[in-house]
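Below is one structure; the comments refer to it alone.
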Amino acid sequence: MVLHVGYPVTVTFTNNDTVPHKFEAAPELGWDNCPELNTLATLKPGAKVALPFVEKNAVCAYHDVAQPKVVSLQGYVVIH
């Protein structure tokens, strides 16, 4: 998933799955290392968390810690 947003922004991460997920920054996907992503707690099924992004003109890549190669659990937040 790629999400394009204007600065400043708060993005809400929602776990619609039946298992917990822990997302973190994934600079190995080829973009910026956004420390905001490393503050996300583990999201239990049905949980939501709002995450403010503080950098302008950044591309923040993320993945699930337990399943970093699963494409459906990877994404990018593009902050303009």
Side-chain angles (χ1 to χ4, degrees):
M1 174 170 82
V2 178
L3 176 64
H4 288 265
V5 294
Y7 178 86
V9 67
T10 298
V11 175
T12 300
F13 286 79
T14 304
N15 183 355
N16 290 325
D17 203 350
T18 58
V19 297
H21 292 287
K22 169 77 171 125
F23 294 101
E24 70 177 5
E28 73 276 4
L29 294 178
W31 296 96
D32 303 324
N33 182 18
C34 297
E36 299 91 343
L37 289 165
N38 293 326
T39 66
L40 281 172
T42 299
L43 294 173
K44 295 179 181 179
K48 295 181 184 183
V49 65
L51 183 66
F53 284 83
V54 299
E55 290 194 41
K56 189 175 185 180
N57 299 320
V59 178
C60 299
Y62 64 89
H63 64 214
D64 184 303
V65 173
Q67 303 174 76
K69 303 280 187 208
V70 176
V71 175
S72 64
L73 298 174
Q74 299 173 348
Y76 301 90
V77 179
V78 182
I79 306 148
H80 301 279

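One hydrophobic cluster holds both Val11 and Met1 under the rule that ILVMFWY side chains link at heavy-atom gaps under 4.5 Å. Linking Ile, Leu, Val, Met, Phe, Trp and Tyr whenever their side-chain heavy atoms come within less than 4.5 Å puts Val49 and Leu51 in one cluster. Linking ILVMFWY side-chain heavy atoms closer than 4.5 Å, directly or via other members, places Phe13 and Val59 in two distinct hydrophobic clusters. Clustering ILVMFWY residues whenever any of their side-chain heavy atoms sit less than 4.5 angstrom apart, transitively, puts Val2 in a cluster other than the one holding Ile79. Grouping the Ile, Leu, Val, Met, Phe, Trp and Tyr side chains by contacts below 4.5 angstrom, directly or via other members, places Val65 apart from Phe23.
Under the 3.5 Å distance criterion, the side-chain polar atoms of Asn15 are matched with a main-chain donor or acceptor of Leu43. Looking only at distances, a side-chain donor or acceptor of Glu36 sits under 3.5 Å from a matching main-chain atom of Val54.
The OH atom of Tyr7 sits 14.5 Å away from the NE2 atom of His80 when rounded to the nearest 0.5 Å. The CG atom of Leu29 sits 7.0 Å away from the NE2 atom of His63 when rounded to the nearest 0.5 Å. Asn16 contributes atom CG, which lies 8.0 Å from atom NZ of Lys48 (distance to the nearest 0.5 angstrom). Atom-to-atom distance recorded for Lys22:NZ and Leu40:CG is 6.0 Å, nearest 0.5 angstrom.
Residues Ala25 and Cys34 come closest through the heavy atom pair CB-O, 3.7 Å. Residue Val19 comes nearest to His21 through the heavy atom pair O-CD2, 3.3 Å, listed as atom of the first residue, atom of the second, then distance.
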Exercise for the section: Check the pair Phe53, Leu37 against side-chain contact (heavy atoms from CB on, under 4.5 Å), reporting the backbone distance first and the verdict last. Expected result: CA-CA 9 Å; Phe53 284 83; Leu37 289 165; 4.0 Å; yes
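Between Cys60 and Glu55 the shortest side-chain heavy-atom distance does not fall below 4.5 Å.
Taking the side-chain hydrogen bond (donor to acceptor under 3.5 Å, both in side chains) definition, one finds that Asn38 meets it with nothing, sequence neighbours left out.
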